[in-house]
Amino acid sequence: MAQLRLTDFFGRTKAAAAKLPAKHGGRGLKAALLAPPRSDGSAPPPPASPRTPTRSAAPEVPRLAGKKRSRREMEAESPGGERGGKAARKRLLLPRDAGPEPASPPSLGPREHPIDPGPEQDSATTPCLEQEELATLQSRLQRMRMKPPTQLPPIPAGASAELRGRLQSLRGLELRLRAKAAGSGTGPPAVTGTEAPAAENGSSKLSAYQRFHTLAQDTPPGLTLPYKYKVLAEMFRSVDTIAGMLFNRSETITFAKVKQGVQDMMRKQFEERHVGQIKAVYPSSYRFRQEKNIPTYSSGVKKSEYQLTLEPVLGEDEQLCGRPHLSASRLLERRKEFHRSLVDIVKQHHAAFLASLSPPMEVPEDKLTRWHPRFKVDEVPDISPAELPQPPQQNRISTAQEVLSTARGTMSTKMEKALANLALRSAEAGAEEPALSKAASPASTSSALRGVSQELLERIRAKEARRLQALMTRAVGQEERVAALGRLPAVARILRGIFVAEKKQALPMELACARVADSHPTQVAAGEMEKHLRLLAELLPDWVTIHTIRNDTYIKLDKHVELGLVTEKLEKAAKEAEAL
């Protein structure tokens with residue numbers, strides 16, 4: 001066998017590489033070079049790798065080996081040459097890990113290769129589908145919004161009064177939830193006839209922060225004002241501040257100027273009704289008049305129109321440089337006077353509440369330090385606004401009788417009869433107005449107290465009334481002492497445990513106060529704890545003594561005294577102080 005020449009070997013390998021399919025790429029050439037030649041002189045087929053990604057089928061283009069082609073020829077031969085002259089990228093088809101490989105499609109001719117949908121076709125079909133889905137969703141949402149709310153089931157006729165009350169409260173709660181949910185949507189909330197009982201309840205109209213305003217105070221309990229009264233007091237302070245600035249500058253104080261300033265300061269609406277309430281609470285604070293020809297700087301009010309003006313009422317001695325002056329001290333006095341007037345109004349409602357109890361109670365106003373525990377402060381009625389001066393109007397007609405008397409003889413007989421009937425009905429309605437309701441009558445005896453002696457019930461109620469009266473007339477210092485006496489039993493137990501653990505006869509006052517304050521169940525400052533220890537030494541001098549040696553103070557405790565007797569004496573002292 002003749003020996004092959006090197007030039008023959010390279011010629012055969014190049015020819016074999018040119019005949020390899022395009023899907024093998026560079027690996028076909030490498031396998032052809034490494035494989036031994038066949039007996040017939042042809043190159044062996046390269047082995048297929050299971051992990052090698054295959055490329056999409058492309059038509060075979062006959063080309064000559066060893067000839068360099070230009071870019072234009074490559075773009076013309078590529079499948080994407082027909083679309084814009086740009087070559088399409090070949091897609092890598094990764095083999096699946098599981099499952100048989102899909103069968104290769106039948107071979108197509110050079111002009112029958114499959115054409116993938118281009119980006120233009122995808123982008124054209126996708127918006128159409130999205131628009132259809134969006135239209136479907138919008139139609140469904142519109143049907144849901146237009147669907148009327150489900151009506152609540154009626155209350156059964158045979159239900160008891162308690163069950164009917166609970167069902168009514170549940171219906172009101174569900175209606176409020178529906179109104180809140182409908183408020184966030186586009187349509188108005190549905191109004192049904194079942195909302196009437198919920199609207200009749202006066203307390204449900206107010207927010208929780210207004211109804212329970214007194215319960216959220218961090219100050220000690222006392223004669224606190226309702227939330228709406230506090231807002232009115234803040235409005236009076238704002239009005240006084242603005243009126244004082246304008247008055248000291250010799251400007252005319254009009255309601256329009258005051259209204260804008262108060263709304264800017266408080267971020268709340270300020271109307272003439274609030275001015276009438278201020279006049280009703282503190283009549284001697286301002287003089288109110290209707291004046292015209294006052295310079296205005298707004299297009300809404302003309303100079304010739306009447307305007308409500310305010311003038312602070314000052315004494316003869318309140319002058320500066322020969323003219324009246326509203327000083328800061330006078331503003332503070334007026335503010336305190338307004339607050340006292342509000343407290344007096346609440347005291348009147350409180351006295352009416354005490355008179356309606358069983359048995360009735362009567363507490364002097366000068367000794368009252370806090371309200372009755374069952375007195376609902378935040379449900380006190382609003383202050384009725386006082387009448388303000390109105391601009392003069394001639395020929396003002398307000399009733400049907402005035403219309404009839406003015407236009408008699410100028411209208412038809414039928415119209416005169418109608419006005420006469422209307423005036424008669426108005427007079428009858430005014431005569432039949434009911435009088436003001438008196439105080440509530442004492443509650444009747446409940447079914448749980450049947451069989452109990454009436455005399456015993458009266459004694460218990462009288463004792464409770466005396467306790468509540470003592471609570472309402474207790475001073476602030478006495479209240480602090482009662483609270484301290486209630487903590488003394490726990491303080492005594494902790495103090496004895498500290499002395500037993502330290503095994504000493506006396507301890508420094510600072511150390512004892514710090515240890516007791518750390519062990520007390522409630523948070524008490526060290527300075528306040530010293531007051532408790534001194535009160536303990538005052539009540540039980542035989543058990544606890546305090547000694548001052550030079551500049552140091554020591555506390556001494558007798559550990560041989562039984563702790564039960566000490567606790568009993570302290571509890572008895574606390575009950576006596578609370579009964580006072």
Side-chain angles (χ1 to χ4, degrees), residues 176 179-180 183-184 199 201-219 222-249 251-288 290 296-301 307-313 326 328 330-346 349 376-390:
R176 286 197 297 271
K180 184 177 179 181
S184 59
N201 191 1
S203 60
S204 62
K205 296 180 182 180
L206 299 177
S207 303
Y209 73 94
Q210 296 182 7
R211 287 186 283 114
F212 307 107
H213 170 70
T214 54
L215 302 179
Q217 299 296 318
D218 55 351
T219 56
L223 299 177
T224 57
L225 292 175
Y227 178 78
K228 47 194 172 185
Y229 284 20
K230 286 191 175 183
V231 171
L232 186 62
E234 189 66 18
M235 286 182 176
F236 176 78
R237 184 188 68 84
S238 302
V239 170
D240 249 15
T241 302
I242 299 169
M245 294 171 57
L246 298 176
F247 182 76
N248 294 336
R249 293 200 303 241
E251 292 187 22
T252 304
I253 308 170
T254 61
F255 172 73
K257 298 178 182 179
V258 173
K259 176 181 179 179
Q260 186 63 36
V262 172
Q263 291 182 163
D264 292 343
M265 292 176 65
M266 296 191 60
R267 306 294 180 185
K268 292 181 180 294
Q269 195 69 19
F270 186 71
E271 303 292 344
E272 287 191 11
R273 176 176 60 88
H274 299 110
V275 179
Q277 290 179 341
I278 290 175
K279 182 181 179 181
V281 175
Y282 193 1
S284 61
S285 59
Y286 290 97
R287 295 189 187 96
F288 300 94
Q290 287 285 346
T296 58
Y297 302 97
S298 62
S299 59
V301 181
Q307 297 187 55
L308 180 65
T309 60
L310 299 81
E311 181 183 356
V313 178
L326 190 58
R330 179 57 181 162
L331 288 175
L332 185 60
E333 291 177 3
R334 289 162 61 92
R335 182 180 177 184
K336 292 181 179 178
E337 181 66 25
F338 191 83
H339 184 272
R340 284 195 294 268
S341 301
L342 289 176
V343 173
D344 292 341
I345 293 175
V346 182
H349 294 283
K376 297 180 181 180
V377 184
D378 291 298
E379 295 185 4
V380 173
D382 290 341
I383 298 172
S384 300
E387 185 178 358
L388 297 174
Q390 300 296 328

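Count residues from 1 along the sequence.
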Engineer: For the residue pair P226 and D378, what are the closest heavy atoms and their distance?
Structural biologist: CA-OD1, 3.6 Å
Engineer: Determine, for E333 against R330, whether the closest basic-nitrogen to carboxylate-oxygen distance falls under 4.0 angstrom.
Structural biologist: yes
Engineer: Would the distance check show the side chain of K257 and the main-chain N or O of T252 forming a donor-acceptor pair, the cut-off being under 3.5 Å?
Structural biologist: yes
Engineer: Apply side-chain contact (heavy atoms from CB on, under 4.5 Å) to residues L310 and F288 and explain how you reach the verdict.
Structural biologist: CA-CA 5 Å; L310 299 81; F288 300 94; 3.7 Å; yes
Engineer: What distance do L326 atom CG and L331 atom CG have between them, rounded to the nearest 0.5 Å?
Structural biologist: 4.0 Å
Engineer: What closest approach, in Å, do G276 and L388 show between heavy atoms, and which atom pair accounts for it?
Structural biologist: N-CD1, 4.1 Å
Engineer: I242 vs M265, test: side-chain contact (heavy atoms from CB on, under 4.5 Å). Steps then yes/no.
Structural biologist: CA-CA 10 Å; I242 299 169; M265 292 176 65; 3.9 Å; yes
Engineer: Show your working on salt bridge (charged side-chain N to carboxylate O under 4.0 Å, His left out) between R334 and E337 and close with a plain yes or no.
Structural biologist: CA-CA 5 Å; R334 289 162 61 92; E337 181 66 25; over 6 Å; no
Engineer: Counting heavy atoms not belonging to K376, are there more than 12 under 6.0 Å from its NZ?
Structural biologist: no
Engineer: Parallel, tilted or perpendicular for F338 and Y282, by the 30°/60° rule?
Structural biologist: tilted
Engineer: Can you name the nearest heavy-atom pair linking V380 to H349, along with the distance?
Structural biologist: CG1-CD2, 3.6 Å
Engineer: Surrounding CE of M245 (heavy atoms of other residues, nucleotides or ligands, distance under 6.0 Å), is the total greater than 12?
Structural biologist: no
Engineer: Which heavy atom in Q277 sits nearest to a heavy atom in I383, and how many Å separate them?
Structural biologist: NE2-O, 3.1 Å
Engineer: So, using side chain to side chain contact (heavy atoms under 4.5 Å, CB included) as the criterion, who are the partners of K259 when residues are at least two apart?
Structural biologist: F255, Q263, Q269, F270, E271
Engineer: Closer than 3.5 angstrom, by distance alone: can the side chain of E311 be matched with the main-chain N or O of R287 as a donor-acceptor pair?
Structural biologist: no
Engineer: Identify the two heavy atoms, one from I278 and one from S285, that lie closest to each other, and give their separation to 0.1 Å.
Structural biologist: CG2-OG, 4.4 Å
Engineer: Can you name the closest pair of heavy atoms from V313 and S284 and give their distance?
Structural biologist: CB-O, 3.4 Å
Engineer: Go through Y286 and I253 one step at a time and tell me if the side-chain contact (heavy atoms from CB on, under 4.5 Å) criterion holds.
Structural biologist: CA-CA 11 Å; Y286 290 97; I253 308 170; 5.6 Å; no
Engineer: Are the side chain of K230 and the backbone of T224 linked by a donor-acceptor contact shorter than 3.5 Å?
Structural biologist: no
Engineer: Measure the spacing between CD1 of I345 and CZ of R340 and express it to the nearest 0.5 Å.
Structural biologist: 13.5 Å
Engineer: Would you call K268 and V231 a side-chain contact if the rule is heavy atoms closer than 4.5 Å?
Structural biologist: yes
Engineer: One pair to check against side-chain contact (heavy atoms from CB on, under 4.5 Å): V346 and L223. What are the steps and the verdict?
Structural biologist: CA-CA 9 Å; V346 182; L223 299 177; over 6 Å; no
Engineer: Would you say L232 and K228 make side-chain contact, with heavy atoms under 4.5 Å?
Structural biologist: no
